[in-house]
*Asks:* 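A single structure is presented below for examination.
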Amino acid sequence: MQIFPTGTNKGEGFTLIELILVIFIIALTTTLVMPSFWNMGDRALKSEAKRIGNTIRYIHDEAAGKKQTYILTLDLDKDAWKYESKKESKNFKLKESVMFRDIMIPSLGKISFGETKLIFSPTGPEEPITLHLIKDDKEYTVMFNHLSGRSKIDEGYLE
């Protein structure tokens, strides 16, 4: 005769149904959570495109509203940008391996490296601005309309 301590039975353990249920819950959770991790790169790229578009629009609106000149500096080599006026300045850096691919300005053409300074007078910039951002194999285009003062963000490389 074997004696077991109280509260334990020789037959205790998990049944096959319990194990299958736990595996099902883990698989279901993984199925729901993993796609959000796979799209992190797309979200980072789109978020950066929106941030740049909103910054350009802000500079345009502030220059017109405060009757001041703002300078937007885009540094393609460092993947950074900044704006400044007499009373205000702010620096930005692209995040999560998002990079500038190029900038297109009609009078200057396509710029792929170096630093570019754009002047926003109270009447706005003189030309439209198109920025291309890239991360891995995904691209976004930020287009700023100098006449309306609005920016548009599109997926892909648009000229």
Side-chain angles (χ1 to χ4, degrees), residues 20-159:
I20 290 173
L21 184 61
V22 168
I23 291 171
F24 173 76
I25 291 170
I26 291 171
L28 182 64
T29 304
T30 303
T31 302
L32 295 173
V33 171
M34 287 310 290
S36 66
F37 287 119
W38 290 324
N39 291 332
M40 290 285 276
D42 289 351
R43 272 194 258 155
L45 182 58
K46 187 174 184 178
S47 172
E48 286 299 298
K50 285 182 178 180
R51 187 165 72 138
I52 291 171
N54 289 337
T55 300
I56 294 172
R57 190 171 146 190
Y58 171 80
I59 294 167
H60 178 271
D61 292 348
E62 288 295 298
K66 293 181 178 178
K67 306 276 189 254
Q68 292 183 20
T69 298
Y70 278 72
I71 298 173
L72 174 65
T73 304
L74 301 160
D75 190 337
L76 278 70
D77 297 332
K78 295 179 182 175
D79 293 315
W81 79 97
K82 66 181 179 179
Y83 68 83
E84 53 194 336
S85 71
K86 288 182 182 178
K87 297 181 181 179
E88 178 182 17
S89 71
K90 191 156 185 184
N91 297 314
F92 300 91
K93 177 95 174 108
L94 292 175
K95 297 178 182 167
E96 297 184 37
S97 68
V98 176
M99 299 182 301
F100 285 117
R101 180 172 175 182
D102 58 46
I103 304 166
M104 293 174 51
I105 301 166
S107 65
L108 300 174
K110 186 185 288 188
I111 303 163
S112 300
F113 58 90
E115 193 175 271
T116 302
K117 293 186 184 254
L118 304 170
I119 298 171
F120 286 73
S121 67
T123 58
E126 296 178 8
E127 303 179 273
I129 302 164
T130 303
L131 298 162
H132 296 107
L133 300 174
I134 187 167
K135 180 179 175 131
D136 302 325
D137 61 342
K138 293 282 187 179
E139 296 184 62
Y140 268 84
T141 300
V142 179
M143 298 173 135
F144 180 76
N145 183 326
H146 67 296
L147 299 174
S148 69
R150 299 297 164 238
S151 57
K152 181 181 175 190
I153 290 121
D154 287 310
E155 187 174 355
Y157 188 95
L158 304 175
E159 294 193 29

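The figures here come from the full heavy-atom set of this structure, side chains too, leaving out hydrogens, waters and symmetry mates. This one's a predicted model, so the numbers in the text were calculated from it and none came from an experiment.
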*Asks:* Please report the shortest heavy-atom distance between T69 and P122, naming the atom on each side.
*Replies:* OG1-CD, 4.1 Å
*Asks:* How long is the straight-line distance from CD of E126 back to OG of S107, given to the nearest 0.5 Å?
*Replies:* 8.0 Å
*Asks:* Checking D77 side chain against F113 main chain: does a donor-acceptor pair fall under 3.5 Å?
*Replies:* no
*Asks:* With respect to T116, which candidate in I103, T73, D75, L72 satisfies the side chain to side chain contact (heavy atoms under 4.5 Å, CB included) definition?
*Replies:* I103
*Asks:* For the atom pair NE2 (H132) and CD1 (I111), what is the distance rounded to the nearest 0.5 Å?
*Replies:* 12.5 Å
*Asks:* Quick check: closest heavy atoms across E139 and I134, and the distance to 0.1 Å?
*Replies:* CG-CG1, 3.8 Å
*Asks:* Distance check, rounded to the nearest 0.5 Å: I26 atom CD1 versus L21 atom CG?
*Replies:* 10.0 Å
*Asks:* Is there side-chain contact between I52 and L74, with at least one heavy-atom pair below 4.5 Å?
*Replies:* no
*Asks:* How are the rings of W81 and F92 set relative to one another: parallel (under 30°), tilted (30 to 60°) or perpendicular (over 60°)?
*Replies:* parallel
*Asks:* So do I119 and P125 actually touch side chain to side chain, heavy atoms under 4.5 Å?
*Replies:* no
*Asks:* For the residue pair T130 and T141, establish whether any side-chain heavy-atom pair is separated by less than 4.5 Å.
*Replies:* yes
*Asks:* Quick one, Y83 with F120, criterion ring pair (Phe, Tyr, Trp, His ring centres under 6.0 Å). Give me CA distance, side-chain angles, the key distance, then yes/no.
*Replies:* CA-CA 10 Å; Y83 68 83; F120 286 73; 9.6 Å; no
*Asks:* Taking C-beta and beyond as the side chain, do E155 and K138 meet within less than 4.5 Å on heavy atoms?
*Replies:* yes
*Asks:* Do you know the tightest heavy-atom contact between A63 and S121?
*Replies:* CB-O, 3.6 Å
*Asks:* If you round to the nearest 0.5 Å, how far is CD of E62 from CD1 of I59?
*Replies:* 9.5 Å
*Asks:* For a side chain to side chain contact (heavy atoms under 4.5 Å, CB included) with E84, tell me which candidate from K86, K87, K82 qualifies.
*Replies:* K82
*Asks:* Looking at L158, I want to see if its CG is surrounded by more than 12 non-hydrogen atoms of other residues, nucleotides or ligands under 6.0 Å.
*Replies:* yes
*Asks:* Which heavy atom in I153 sits nearest to a heavy atom in K50, and how many Å separate them?
*Replies:* CD1-CA, 3.8 Å
*Asks:* Could you check if a side-chain atom of M143 sits within less than 4.5 angstrom of a side-chain atom of P128, using non-hydrogen atoms only?
*Replies:* no
*Asks:* Do you know which two heavy atoms are closest between H60 and G149, and how far apart they sit?
*Replies:* CE1-CA, 3.5 Å
*Asks:* Between D61 and R150, is the closest basic N to carboxylate O distance under 4.0 Å?
*Replies:* yes
*Asks:* Looking only at heavy atoms, what is the nearest atom pair of I129 and L118, with distance?
*Replies:* CD1-CD1, 3.6 Å
*Asks:* Taking atom CD1 of I56 and atom CZ of R51, what is their separation to the nearest 0.5 Å?
*Replies:* 12.0 Å
*Asks:* Could you work out, with side-chain hydrogen bond (donor to acceptor under 3.5 Å, both in side chains) as the rule, every residue matching K110, not counting sequence neighbours?
*Replies:* Y157
*Asks:* Counting C-beta onward and ignoring hydrogens, is there a side-chain heavy-atom pair between Q68 and E88 closer than 4.5 Å?
*Replies:* no
*Asks:* Let's go through Y140 and E48 carefully: what are the C-alpha distance in whole Å and the side-chain angles of both, what is the deciding distance for side chain to side chain donor-acceptor pair (under 3.5 Å) to 0.1 Å, and is it a yes or a no?
*Replies:* CA-CA 9 Å; Y140 268 84; E48 286 299 298; over 6 Å; no
*Asks:* Would you call E115-K78 a salt bridge at under 4.0 Å N-O?
*Replies:* no
*Asks:* If I take atom CE from residue M99 and atom CG from residue L133, how far apart are they, to the nearest 0.5 angstrom?
*Replies:* 10.0 Å
